[in-house]
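Working notes, beginning with the structure itself.
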Amino acid sequence: MGIIKAQDVVYEYVKRDEEGNVEGSIRAVDQVSLDIEQGDFIAILGHNGSGKSTLAKHMNAILYPTEGCVWVDGKDTRAEEELWNIRQSAGMVFQNPDNQIIGQVVEEDVGFGPENMGVPTKEIWERVEESLKAVGMYQYRKHSPNKLSGGQKQRVSIAGVLAMHPKCIVLDEPTAMLDPNGRKEVVRAVRALNDVEKITVILITHYMEEIVHADKVFVMDQGRIAMEGTPREIFSRVEELKALRLDVPQVTLLAYELQKQGLDLPRGILTIPELVAALEREKGSLKKDTPEGKDKKCP
Amino acid sequence: MSIVLEHVSYIYEAGTPLAQRALDDICLEIPNGQFVGLIGHTGSGKSTLVQHLNGLMKATEGHVYYNGEDIDAPGYDKKKLRSSVGLVFQYPEHQLFEIDVFSDVCFGPKNLGLPKEEVERRAREALNLVGLSEEYDKQSPFELSGGQKRRAAIAGVLAMGPKVLILDEPTAGLDPRGREEILQQIKRLQVQTGMTILLVSHSMEDVAEYVDRILVMNHGRVMLDGAPREVFRHYKELEEVGLAAPQVTYIMHALHEKGFDVDADATTIEEAAGEIMKALGRSETLRN
Amino acid sequence: MLRDITLGQYYQTDSVIHRLDPRVKLGGTLLFIISLFFFQNMWGYVIAAAFLALVIHLSTVPFRYIVKGMRAILFLLLITVAFNLFLTPGTPLVSFFGGHVRITYEGIRLAVFIALRLCFLIIGSSMMTLTTTPNNLTDGMEKMLRPLKLFKVPVHEVAMMMSIALRFIPILLEETDKIMKAQIARGADFESGKLVQRAKAMVPLLVPLFISAFRRANDLALAMEARCYRGGEGRAKMKPLIYQKRDGIAYLCLGLYLVAGIGIGRL
């Protein structure tokens, strides 16, 4: 069993009318099973209402499955006596940077988690220092969070979770409210956590370009896992992604378009240099065997 | 009929040591009916600029003219200006407050002191323009989905009957599907009404497809101004100020540098694919 | 518009006063304010002024910054002064409107004293908030009020609520500003009209503001729980309050001031 395992998870919201009578229920998560290995970088993709945030909230016992089971670090999330251990092993970063910073000063906010866990004072300071350094916000430790940019605030939030020494971090659309610069900052910080600190990362997002470096991608739609695979596998299924109306990067779209028009390119191209190199190879091969090559390929 | 800015500067906390120049000597003309994208990163002054266009902020130096009249001249009717130049703020759904969608959209025209029938006619028309049919009229605005809330909020400004519509980051916080839907709705709106539209965004890729003209702001100045393809030609300069041209631009320039005979100005996927096929000498073969 | 209020906002710098234990500053401010009500002659105020000047000097907060914050309460100050000036009975000096309104010697004396008392009171208490982070302040309060726990007063919870409220004040002020502008763009009018109309005009501002505040509160509660917050029990302190030598010296100075001020001021 990996660090997080979900088995046939179903989550239903109960909808009530104005008098409080049950009107029916909405299935936000529908029969989801997944197993996440320690140290992986996982991305969960999907648009609003696809159930991805609801699923994320199961990963640190904010929500419990209606049916099925979720284990974090081998512990069933419904076990009440393990609640705080679960929340400590699976930290969570939320979407709105303003609504998750509690401290008035950056360092005090980062210390909030360890304080709650009853970590001795001296160690809290050590953890705060190393966490802020890990996200590159150490020089801002004395600043007020209100004076920081969106990307910086999110990095502080990440440090706040990091200071709790979690085994895995779940980030629930941490970049949705940021501008492109902020998004880059946050994604860079998240990748560093995974590469350097070896922390399992579960990144929930609707920006395709943020999942390029993931080890594994899950695409959610209508509460179910619609696609699953490495980024390259996912990106090679352009038609399906388009049908789910996800934002496929232009470079992938262009490569796909060229393939459709008859060019022999590798599948699932993710970056600009990849495409340029592939096209150069194509050009080289064309030069070599023209004019016969032309005839050969298009009889 | 146009908006003209003449040497407009705006200084926050003027006269104190904290003074900051948010706008720096901006000269600009936006003719009627144009669809303009205003691009810049956070803090570039773009939000400050748009608030000058409907008189919410007053230029520290310089003048803003709407249809040839100085909007800061004594006696100028600001309320009328605000009904002609509609401004939709970022996250407009946070401004919804009425018990149902229809009443909320009525708020604007009601403030103009119009008769009840006219108010309701305009509200209905505005809701049609954003694609919210009558079935939503009696719903609470707080129960709509994210994209619908945003449409309702935009309708609230459209119901004022503006000639110019300014949208500050209309796609912020929406998912790809919501982004595309809102942008297409805005484009339709522009085609249908011939309204002048100013779309503020930090994403080039979002606006490139839709607008006639792009203004790039940096440090309170207009750094670039032109048709999308002209602006994207300066992709290296854009990069330096933390903005990026669409990926296609990078691909085409990279190919051009590698000796491919492609037109580096291509901005859409189709154009780019066509150019690449042509450069590889494959376009004819395909047709054959 | 609303962001100009600087009264009592933490001023970030490093000084002896900033480093003092918040309990010293809390107690000191309280005693300083009480002392103001004992003064019956000019000398008391002179000593208070000297004490305040010393504190301001040590805090390295620019005097102009403090005065700027005072503008917010100027109106209140003027009204209080006017009331005392015109409505105190005693030996008349000047009179207007056929003796209906007059200024007396006692009135002037009282008005000056009240004005000084009010100014000192506000400067004194803003010296506390200017030099202490709100978190630090609530920590101090929590520790000072700890005995109340015996009477089932939720001291920790109240302190936590205060510190969160303080963190969100600037955010909500900014939000108010934004909503106001957005509604003005829709033709709302917050400035003219009679009282009833004005009150009604606040609805489009208050409804979105409340909804936003609730949403934020909900998000925040979730974020706090996700970070293992479970009340004051078993919580460690990142910055525990421990008295230092400088705090002892500060208490000594305060004591000296109180003896001198009240002793001389009541002569």
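Computed from a predicted model, the values in this text were never measured in an experiment.
- Looking only at heavy-atom pairs under 4.5 Å with chain A, the residue among B:Ala172, B:Ala273, B:Gly43 that has the most is B:Ala273.
- Contacts of A:Pro249 with chain B are made by both backbone and side-chain atoms, with heavy-atom separations under 4.5 Å.
- Residues from residues 179-190 of chain A that place a non-hydrogen atom less than 4.5 Å from a non-hydrogen atom of chain B comprise A:Asp179, A:Pro180, A:Asn181, given in numerical order.
- Of residues 205-214 of chain A, those residues with a non-hydrogen atom less than 4.5 Å from any non-hydrogen atom of chain B are, in numerical order, A:His206, A:Tyr207.
- Nearest approach of B:Gly173 to A:Asn48, heavy atoms of both residues: O-ND2, 4.4 Å.
- Of all the heavy atoms in B:His202 and A:Leu178, the pair that sits closest is NE2-O, 4.1 Å.
- The candidate with the highest count of non-hydrogen atom pairs below 4.5 Å against chain A, out of B:Ser145, B:Pro246, B:Gly146, is B:Pro246.
- Side chains of B:Tyr250 and A:Gln250 form no contact here, defined as non-hydrogen atoms less than 4.5 Å apart.
- Here the NE2 atom belonging to B:His41 is positioned 11.5 Å from the OG atom belonging to A:Ser149, to the nearest 0.5 angstrom.
- Note: B:Asp175 CG to A:Lys52 NZ = 6.5 Å, rounded to the nearest 0.5 Å.
- The distance from the CD atom of B:Glu275 to the CG atom of A:Leu254 is 11.5 Å, given to the nearest 0.5 Å.
- Neither the backbone nor the side chain of B:Glu169 comes within contact range of chain A; no heavy atom of the residue lies under 4.5 Å from a heavy atom of that chain.
- Only the backbone of B:Leu174 comes within less than 4.5 Å of a heavy atom in chain A; its side chain stays farther off.
- At distances below 3.5 Å, not a single donor-acceptor pair connects side-chain atoms of B:Lys258 with backbone N or O atoms of A:Leu279.
- Nearest heavy-atom pair across A:Leu244 and B:Arg177 is O-NH2, 4.2 Å.
- If you measure heavy-atom distances from A:Leu275 to chain B, the contacts under 4.5 Å come from the side chain alone.
- For the atom pair CG (A:Leu253) and CD (B:Glu270), the distance works out to 9.0 Å, reported to the nearest 0.5 Å.
- Going from atom CZ of B:Arg179 over to atom CZ of A:Arg245 covers 12.0 Å, rounded to the nearest 0.5 Å.
- Heavy atoms of B:Phe260 lying under 4.5 Å from chain A belong to its backbone as well as its side chain.
- The CD1 atom of A:Ile272 lies 11.5 Å from the NE2 atom of B:His253; values are rounded to the nearest 0.5 Å.
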